[in-house]
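Report on the structure given below.
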Amino acid sequence: MSGTSNLTAGVVGCGRMGAFSSESMRVHGPDSYFPLAHAEAIEAAEGLDLVALCDSNEDSLARAGERYGVERRYADYRRMLAAGAPDLLGIATRTIGRADIMIDAIEAGTRALHVEKPMCSSMGELSRLEALLDRADVFVTLGALRRHLAIYREALAMAKSGRFGELKEAFGEFGERTLYWSHPHTVDLILMAASGAPVEAVEARLGPVERTGMRILNDPVVKHATIHFQGGFMGHVTQLPGTDFRMATETAQIAVVANGHSLWRSGREKPAPGAARSADPAGDNPYHEPERLDYQPPEVPQGALAPIMQLMAALHGQIAAQQASQALKRDILTGQKILFAIVQSHLEGGRPVGLDEIDPAMFIEARSGDFYA
């Protein structure tokens, strides 16, 4: 780490997620998502100095450098690392090539990475990353931010409280969205709800898949996917419109709706064992209308600042943060395997496949027109 009192940080990729949040998100997104861009979150983090920026686009690099007052600017991330690897690095590039940046940064001495999703393009890259992320002194967070936001944590705590019985299923309702652009978010929420349970199988069907052998050229739409976990819990990726996340217990449903704008619940608490049935006929009503809960968010770091601060705490040796990082690294790696398994299942007609059955030659370009996820 840096010899100064503050930790140092850099950002590779000075676009929408690296340095400048989209105007659409600023207008329509909940306040809990901000600060959203990596550089914005680093700027907001006390005890962290943004010292270097990198982007192959000269205009984007100059604009970000002026906005954040950063003199060290690079067109090649390797030159940035050679000039002094920061303690913490934000990586907000396109997916292709992202794994190399992670690997090179760790080998150069960076120990904390905040990485946009998804993490990599191929099974080969994933194998290389697994070995590095297994290190106890390397800490990683992913740009799938919802698990860090207070309203999603509140929903999970409610679903796992036992008041409504056992948590059975989770549903990511993100509309007709593509695998690499959108569903790393959905899969990460499902893994959050699974709380570390091992994956047994993944079954899925996609829209049209363009490929050459096991090189997937496009970013296919996910028609449906179901992830089966040991213990019986299941997670579902759906095409239902909206940006909602629902969790179903034995007696209730708990939902974060409209991308985190509000928290809802339907159903009832599970009666205690041996409890007498209500004498009031209305008490046995099985039809419960959804109820918007009066949720007041706590005063805690939100947006990308939450994972950035987790990384900082881990770098400073805080045991709880380091343990949280270990669990999160497990989910990040598992989530990437699930994305590959979704494709593998589709290519095999929707057959349930295990995470050890993915073709090692799989590579996902995730191209949409002239753009890549």
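What you see is a predicted model; the values in this text were computed from it and never measured. Residue numbers count from 1 along this sequence.
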Okay, side chain of Thr238, backbone of Leu240: is any donor-acceptor separation there less than 3.5 Å?
yes
What is the distance from atom CE of Met312 to atom CG of Leu305, rounded to the nearest 0.5 Å?
8.5 Å
Between Arg111 and Ile106, is there a donor-acceptor pair closer than 3.5 Å when you use the side chain of the first and the backbone of the second?
yes
Identify all side-chain donor-acceptor contacts of residues 220-233 below 3.5 Å with residues at least two apart in sequence or on another chain.
| residue | atom | partner | partner atom | Å |
| --- | --- | --- | --- | --- |
| Thr226 | OG1 | His236 | ND1 | 3.1 |
| His228 | NE2 | Glu203 | OE2 | 2.6 |

Worked check of side-chain contact (heavy atoms from CB on, under 4.5 Å) between Lys168 and Thr249
CA-CA 5 Å; Lys168 295 288 191 179; Thr249 69; 5.8 Å; no
Would you call Arg16 and Glu23 a salt bridge, using N to O less than 4.0 angstrom?
no
Closest heavy-atom pair, Ala341 versus Ile358, reported as atoms and distance to 0.1 Å, is N-CD1, 3.9 Å
Within the side chain of Thr251, is there an N or O that forms a donor-acceptor pair under 3.5 Å with the backbone of Arg268?
yes
Answer with yes or no whether the side chains of Ser266 and Trp264 bring together a donor and an acceptor at under 3.5 Å.
no
Sole candidate of Glu250, Gln253, Glu269 that passes side chain to side chain contact (heavy atoms under 4.5 Å, CB included) when paired with Phe164
Glu269
Grouping I, L, V, M, F, W and Y whenever their side-chain heavy atoms are under 4.5 Å apart, do Ile342 and Leu142 come out in a common cluster?
yes
Candidate list Asn218, Val343, Leu339, test side chain to side chain contact (heavy atoms under 4.5 Å, CB included), partner Tyr180, passing option:
Leu339
Salt-bridge test for Arg128 and Asp100: reply yes if a basic N is under 4.0 Å from a carboxylate O, no otherwise.
yes
Please check if atom CE in Met123 has more than 12 non-hydrogen atoms from other residues, nucleotides or ligands closer than 6.0 Å.
yes
Please check if atom CG in Asp137 has more than 12 non-hydrogen atoms from other residues, nucleotides or ligands closer than 6.0 Å.
yes
Between Gln318 and Gln322, does any side-chain donor sit less than 3.5 Å from a side-chain acceptor?
no
Nearest-0.5 Å distance that lies between atom NE2 in His316 and atom CE in Met309:
9.5 Å
So, for Ala112 and Leu315, which heavy atoms are closest and what is the spacing to 0.1 Å?
CB-CD1, 3.7 Å
ILVMFWY network linking Val140 to Ile103, side-chain heavy atoms under 4.5 angstrom:
yes
Judged by atom type as modelled, is there a donor-acceptor pair below 3.5 Å linking the side chain of Asp219 to the main-chain atoms of Trp181?
yes
Expected output: side-chain Ser325 to main-chain Ala321 donor-acceptor under 3.5 Å:
no
Check for a donor-acceptor pair, side chain of Gln336 on one end and backbone N or O of Met119 on the other, with a separation under 3.5 Å.
yes
What residues form a side-chain hydrogen bond (donor to acceptor under 3.5 Å, both in side chains) with His148, not counting sequence neighbours?
none
Please determine whether side-chain contact (heavy atoms from CB on, under 4.5 Å) holds for the pair Asp49 and Ile42, giving the CA-CA distance in whole Å, both sets of side-chain angles, and the decisive distance to 0.1 Å.
CA-CA 7 Å; Asp49 293 334; Ile42 291 168; over 6 Å; no
Check for a donor-acceptor pair, side chain of Asp244 on one end and backbone N or O of Ala258 on the other, with a separation under 3.5 Å.
yes
Tightest non-hydrogen contact, residues Met247 and Ala159, listed as SD-CB, 4.0 Å
If you group Ile, Leu, Val, Met, Phe, Trp and Tyr by side-chain heavy-atom gaps below 4.5 Å, do Tyr74 and Leu113 land in one group?
yes
Over-ring placement of Arg215 relative to Phe363, 6.0 Å and 45° cut-offs
yes
Please indicate whether Arg367 has more than 12 foreign heavy atoms, meaning atoms of other residues, nucleotides or ligands, lying under 6.0 Å from its CZ.
yes
If the threshold is 4.0 Å, N to carboxylate O, is there a salt bridge linking Arg26 and Glu40?
yes
Presence of salt bridge, Glu357 and Lys337, under 4.0 angstrom:
no
Counting only N and O atoms by type, is there a donor-acceptor contact under 3.5 Å from the side chain of Tyr33 to the main-chain atoms of Gln302?
no
Take Met25 and Ser22 through the test side-chain contact (heavy atoms from CB on, under 4.5 Å) and record every step on the way to the result.
CA-CA 5 Å; Met25 191 63 182; Ser22 73; 3.2 Å; yes
Identify the two heavy atoms, one from Ala99 and one from Leu129, that lie closest to each other, and give their separation to 0.1 Å.
CB-CD1, 3.9 Å
Under a single-linkage definition using a 4.5 Å side-chain heavy-atom cutoff for Ile, Leu, Val, Met, Phe, Trp and Tyr, are Ile254 and Phe171 assigned to the same hydrophobic cluster?
no
Side chains of His185 and Arg146: is there a donor and an acceptor less than 3.5 Å apart?
yes
Between Arg67 and Glu43, is the closest basic N to carboxylate O distance under 4.0 Å?
yes
Between Ser345 (side chain) and Arg351 (backbone), is there a donor-acceptor pair under 3.5 Å?
yes
CZ of Arg94 to CZ of Arg98, rounded to nearest 0.5 Å, is 8.5 Å
Applying side-chain contact (heavy atoms from CB on, under 4.5 Å) to Val256 and Leu189, what does each step give before you reach the verdict?
CA-CA 11 Å; Val256 181; Leu189 282 171; over 6 Å; no
Determine, step by step, whether Asp331 and Arg147 satisfy the salt bridge (charged side-chain N to carboxylate O under 4.0 Å, His left out) criterion, reporting the C-alpha distance in whole Å, the side-chain angles of both residues, the deciding distance to 0.1 Å, and the verdict.
CA-CA 11 Å; Asp331 278 358; Arg147 70 159 60 217; 2.9 Å; yes
Are the side chain of Arg63 and the backbone of Ser60 linked by a donor-acceptor contact shorter than 3.5 Å?
no
If you measure from the Lys or Arg side-chain nitrogens to the Asp or Glu carboxylate oxygens, is any gap between Lys117 and Asp188 under 4.0 Å?
no
Quick check: closest heavy atoms across Ala150 and Pro298, and the distance to 0.1 Å?
CB-CD, 3.7 Å
Indicate whether any N or O donor in one side chain lies under 3.5 Å from an N or O acceptor in the other, for Arg79 and Tyr77.
no
Spacing of OG belonging to Ser32 relative to CG belonging to Leu149, to within rounding of 0.5 Å:
5.0 Å
Nearest heavy-atom pair of Gly10 and Leu50: which atoms, and what distance?
CA-CD1, 4.0 Å
Rounded to the nearest 0.5 Å, how far apart are CG of Asp87 and OG1 of Thr8?
3.5 Å
